[in-house]
Amino acid sequence: MDKRLSSLSEAVTDIQDGATVMIGGFGGSGAPIELIHALIDRYLETGSPKGLTVINNNAGNGHVGIAAMIEQGMVAKMICSFPRSADPTVFTQAYLAGEIELELVPQGTLAERIRAGGAGIPGFFTPTSVGTDLAEGKPVQQFDGRDYVMERWLKADHALIKAELGDSLGNLTYRMAARNFSPLMAMAAAKTVVQVTKAVEPGAIDPEVIVTPGIFVDALVEVANPAQEEELNRAGAHHP
Amino acid sequence: MDKRLSSLSEAVTDIQDGATVMIGGFGGSGAPIELIHALIDRYLETGSPKGLTVINNNAGNGHVGIAAMIEQGMVAKMICSFPRSADPTVFTQAYLAGEIELELVPQGTLAERIRAGGAGIPGFFTPTSVGTDLAEGKPVQQFDGRDYVMERWLKADHALIKAELGDSLGNLTYRMAARNFSPLMAMAAAKTVVQVTKAVEPGAIDPEVIVTPGIFVDALVEVANPAQEEELNRAGAHHP
Amino acid sequence: MNQKLSNAQIAWRAAQDIEDGAYVNLGIGFPEMVARFQPPGREAIFHTENGVLGFGRAPEPGQEDWDLINAGKKAITLKPGTAFFHHADSFAMVRGGHLDVAILGAYEVAETGDLANWSTGPKGVPAVGGAMDLVHGAKRVAVITDHVTKKGQPKLVERCTLPLTGVGCVTRVYSSFAVVDIEGGRFVLREKLPSLSMEELQNATGAKLHVEGAVGDLICPEELADA
Amino acid sequence: MNQKLSNAQIAWRAAQDIEDGAYVNLGIGFPEMVARFQPPGREAIFHTENGVLGFGRAPEPGQEDWDLINAGKKAITLKPGTAFFHHADSFAMVRGGHLDVAILGAYEVAETGDLANWSTGPKGVPAVGGAMDLVHGAKRVAVITDHVTKKGQPKLVERCTLPLTGVGCVTRVYSSFAVVDIEGGRFVLREKLPSLSMEELQNATGAKLHVEGAVGDLICPEELADA
């Protein structure tokens with residue numbers, strides 16, 4: 001069994017219109033730019049996929065990555081904690097024009113909901129957001145005299161993430177703070193596709209340092225020298 | 001700030017009568033034998049601590065470690081998933097004589113309850129045990145047409161665990177399958193004390209491979225060449 | 001009716017249904033034997049709930065490292081691609097539906113798919129381990145078992161009498177006499193020992209065996225008969 | 001009443017209350033400044049919710065590695081003992097009560113301890129980040145803020161008018177005029193600028209300031225006045 005794919009286009013070919021897609025990254029760290037851009041390229045060629053629900057901490061920055069997906073009109077809804085950034089004009093304009101839906105989720109609740117999706121936990125209780133607008137309509141229950149909000153798991157049809165090393169079984173490591181949501185999203189998506197900076201053979205990664213075991217990964221493609229979103233934006237890049 | 005202690009006796013000195021103590025390990029792998037034996041030695045000298053609630057996957061094996069704690073009469077209650085083993089006579093006799101209480105928890109639920117304790121999640125839903133005796137008295141709720149049982153977090157006053165490397169800030173790595181419950185228990189206890197096989201300076205462990213960040217650790221003590229419970233039992237060891 | 005498959009033959013038969021690249025958890029004890037019989041050209045990836053994925057075979061006696069064990073506390077070995085993780089991640093794999101197959105032992109299996117395999121009743125010390133998690137987590141839950149108890153009583157029954165491990169969770173039983181699927185609350189016979197008549201097999205079974213289409217011959221390697 | 005502490009002075013004052021070895025999360029923006037003013041001999045360990053504990057100072061311009069950033073998306077550096085982890089573990093630290101202190105900015109703080117700091121109302125794009133998790137996780141939640149808005153309106157109020165971040169969560173406010181504790185649903189004044197009279201301070205505050213025992217002089221390093 002070898003989970004390696006030979007091209008980026010192959011990696012994003014089965015994402016359907018209306019799919020829910022988790023995309024790794026916190027700001028630019030961990031953003032799988034090449035996978036996202038391959039998906040945009042497919043959309044520009046074929047008109048699909050569109051009407052996507054995208055789950056990410058943010059809502060894109062500048063004119064690359066998720067911002068470029070929104071700019072092309074591929075995204076119907078964002079689920080995120082912080083849709084502001086240094087240059088969030090693409091999301092902001094679409095949102096204020098009513099062209100994109102927003103589900104705002106506190107960051108820790110977002111992380112835990114994704115983990116719950118991957119771990120088979122359909123609901124859990126958190127103190128986060130109790131008594132605030134973001135708890136509206138959610139069940140509240142008391143434990144040991146304190147109020148907690150019940151939150152539901154988040155799952156996705158696909159996850160697109162970026163990792164550092166990946167072996168052919170799908171075992172992954174990450175690079176510094178680029179880890180963020182990616183190990184959770186790998187657990188929570190029906191199909192997880194990874195761009196790895198270096199593809200290696202099984203055994204090349206010490207079993208003690210694997211962060212995402214291969215069971216959570218469906219396919220991976222090597223992208224050596226990946227673009228860093230922050231650097232692209234500082235250079236004023238656009239995609240396409 | 002340096003979390004290193006100089007002696008095992010110092011490491012177990014503040015565990016009180018009636019305390020709840022999480023003890024790492026799955027069978028013999030990861031069992032912090034030297035910490036447990038230091039606690040037994042304190043009990044034999046001072047009569048304390050007794051009436052303990054111990055949380056571990058098992059209920060001891062042979063006449064060392066947790067089995068020796070039970071044999072000395074220090075344990076009022078075990079919370080575990082699998083109190084059978086190759087030589088579980090100590091627990092079995094105490095249990096059948098009504099001298100020790102047992103809370104039996106499915107293994108995955110036990111792990112998740114401990115993680116929930118560490119993560120500030122007072123309750124969560126799991127499909128595990130639905131329709132069985134172990135779900136008796138627990139709330140059942142339906143999500144998407146399927147029944148789930150609500151389980152509560154588990155916390156402890158103390159955790160005693162074993163790790164491989166530990167720096168003075170409390171950052172830890174583990175050794176192979178000896179990892180098991182220990183990273184979770186470190187999160188869920190008010191005070192976590194670790195026996196590390198090798199104590200190192202901050203920076204000696206690659207930040208990418210730290211399994212337990214130091215925030216979850218209160219104190220650590222170096223025990224070079226720790227005993228392995230399985231090997232002790234195969235040699236017929238007793239403590240004291 | 002003294003002819004029956006050996007445990008090794010039952011394990012061999014169960015192994016034939018495991019696909020290349022499948023993620024598999026084998027219950028402690030008898031089910032562990034399934035790992036020995038992977039068909040040539042296929043490689044399953046074995047999960048043990050104490051935090052190891054993709055481990056290798058048992059070590060040679062004397063070569064054990066007791067920090068490297070499986071859920072049955074038996075020594076295992078590394079192989080290229082093995083990964084370690086903690087117990088919460090391990091049961092995220094189980095509960096989250098990431099395992100393709102779990103193969104477990106049974107005291108009783110009901111035609112409803114209910115399984116009893118953790119407690120023989122109020123006497124003695126109860127122990128459940130990860131069985132209750134596995135039956136609700138893996139995509140496919142199969143049982144390997146003798147068809148009858150040592151006293152000759154059926155283990156495939158209408159309703160379990162012992163405490164349940166899970167409700168409606170088992171979809172296939174590999175027994176010493178037959179391969180039986182559980183579909184729509186019924187036992188459906190897929191294969192049986194050629195030497196057993198339908199009547200003999202039904203008499204050894206505690207609930208009706210339905211036949212839909214052909215019943216295959218359950219034939220296992222002879223050399224495993226004494227294993 | 002044009003005398004007030006600079007942001008740097010407020011941050012300096014807040015830093016004086018952070019103990020050696022404390023685990024601290026600083027909100028994005030102004031609160032990040034607190035890290036610059038650790039008293040000599042003390043070393044706090046800073047947590048950023050995007051998965052880094054024990055990180056170092058900002059890198060020199062041009063030395064940034066954009067995979068190594070804080071929650072405000074600013075570049076940070078490693079130091080001995082830094083650890084990386086994923087977002088669920090990061091918020092386990094937050095929600096699980098493992099942080100000693102969180103220091104956040106505020107639009108409004110009420111005498112009840114309620115905090116509003118994430119939304120200025122229905123206009124524009126809302127963004128919450130980790131603030132709602134932090135206010136219910138850290139053992140101590142403190143606010144640093146100007147005492148009044150740019151228009152001179154009090155930010156310390158009886159009841160918040162803006163959407164809440166958390167209910168009854170703040171226990172101390174470091175403002176440009178004073179240090180105020182929140183105890184039993186009341187503002188209790190601990191320190192104030194010596195140049196301000198009690199009346200002036202009360203007039204700039206939207207709820208009653210209680211005095212219990214001595215009120216200290218709020219004195220910060222002069223050299224930070226223009227920072």
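Throughout, protein chains are lettered first and strands after them, A, B, ... in sequence-line order, and every chain is numbered starting at 1. The figures here come from the full heavy-atom set of this structure, side chains too, leaving out hydrogens, waters and symmetry mates.
Using a 4.0 Å cut-off between charged nitrogen and carboxylate oxygen, D:K74 and D:E32 count as a salt-bridge pair. The pair D:E108-D:R159 fails the salt-bridge criterion, with no side-chain N (NZ, NE, NH1 or NH2) lying under 4.0 Å from an Asp/Glu carboxylate O. Classification of A:D218 and A:K191 as a salt-bridged pair fails, no side-chain N sitting under 4.0 Å from a carboxylate O. Salt bridge status for A:R234 with A:E229: absent, with no side-chain N to carboxylate O gap under 4.0 Å.
Looking only at heavy-atom pairs under 4.5 Å with chain A, the residue among D:G124, D:G129, D:S119, D:A116 that has the most is D:G129. The candidate from A:G25, A:P127, A:A135, A:G30 with the greatest count of non-hydrogen atom pairs under 4.5 Å with chain D is A:P127. Per-residue heavy-atom pair counts under 4.5 Å with chain D were compared for A:G108, A:A111, A:G27, A:P106, and the maximum is reached by A:G108. Interface summary for chain D: among A:S129, A:S182, A:C80, A:P83, the most heavy-atom pairs under 4.5 angstrom belong to A:P83. Ranking A:T132, A:N58, A:D133 against chain D, the residue ahead of the rest is A:T132, based on heavy-atom pairs under 4.5 Å. Counting heavy-atom pairs closer than 4.5 Å to chain D, the top-ranked of the candidates A:E231, A:R146, A:E230 is A:E230. Comparing D:P126, D:G51, D:A71 by heavy-atom pairs within less than 4.5 Å of chain A, the highest count is held by D:P126. With chain A as the partner, the residue from D:W118, D:W66, D:F85 showing the most heavy-atom pairs under 4.5 Å is D:W66. Of the listed residues D:R95, D:E64, D:E49, the one with more heavy-atom pairs under 4.5 angstrom with chain A than any other is D:R95.
With a 4.5 angstrom heavy-atom cutoff, A:L102 touches chain D only via side-chain atoms. For A:P183, the part lying under 4.5 angstrom from a heavy atom of chain D is the side chain only. The contact between D:I28 and chain A is made entirely by side chain atoms (from C-beta outward), counting heavy-atom distances below 4.5 Å. Interface remark: D:D65 contributes side-chain atoms only to the contact with chain A (heavy atom separation under 4.5 Å). With a threshold of 4.5 angstrom between heavy atoms, A:F91 approaches chain D through side-chain atoms but not through N, CA, C or O. Contact annotation for A:V105: only backbone heavy atoms (N, CA, C, O) come within less than 4.5 Å of a heavy atom of chain D. At a 4.5 Å heavy-atom cutoff, the contact between D:F84 and chain A is made by backbone and side-chain atoms alike. Contact of A:R175 with chain D is made through backbone and side chain together, with heavy-atom distances under 4.5 Å. Interface remark: D:T165 contributes backbone atoms only to the contact with chain A (heavy atom separation under 4.5 Å). Contact annotation for A:D147: neither backbone nor side-chain heavy atoms come within less than 4.5 Å of a heavy atom of chain D. If you measure heavy-atom distances from D:V94 to chain A, you find no contacts under 4.5 Å at all. Contact of A:R113 with chain D is not made at all, since no heavy-atom distance falls under 4.5 Å. For A:T109, the parts sitting under 4.5 Å from any heavy atom of chain D are the backbone and the side chain alike. Proximity to chain D involves both the backbone and the side chain of A:F181, based on heavy atoms less than 4.5 angstrom apart.
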When you look at D:E158 and D:T112, which way does the side chain to side chain contact (heavy atoms under 4.5 Å, CB included) test go after all the steps?
CA-CA 7 Å; D:E158 288 189 347; D:T112 55; over 6 Å; no
Please assess A:T173 against A:I205 for the test side chain to side chain contact (heavy atoms under 4.5 Å, CB included), listing each intermediate value before the final yes or no.
CA-CA 8 Å; A:T173 68; A:I205 312 176; 3.7 Å; yes
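Between D:H86 and A:L184 there is a side-chain heavy-atom pair separated by less than 4.5 Å.
Although no hydrogens or angles enter the test, the distance criterion places no donor-acceptor pair under 3.5 Å between the side chain of D:Q16 and the main chain of D:R13.
Cation-pi check for D:K73 over A:F26 is met; the charged atom lies under 6.0 angstrom from the ring centroid and within 45 degrees of its normal.
For the residue pair D:H87/A:N180, the side-chain donor-acceptor check at 3.5 Å is not satisfied. Side-chain contact check for A:H158 and A:T20: no donor-acceptor pair (N or O, by modelled atom type) lies under 3.5 Å. Side-chain polar atoms of A:Y174 and A:T212 form a donor-acceptor pair below 3.5 angstrom. Side chains of A:Q228 and D:D67: a donor-acceptor N/O pair is present below 3.5 angstrom, by distance only. Judged by distance alone, the side chains of D:S176 and D:D146 do bring a donor and an acceptor atom under 3.5 Å apart.
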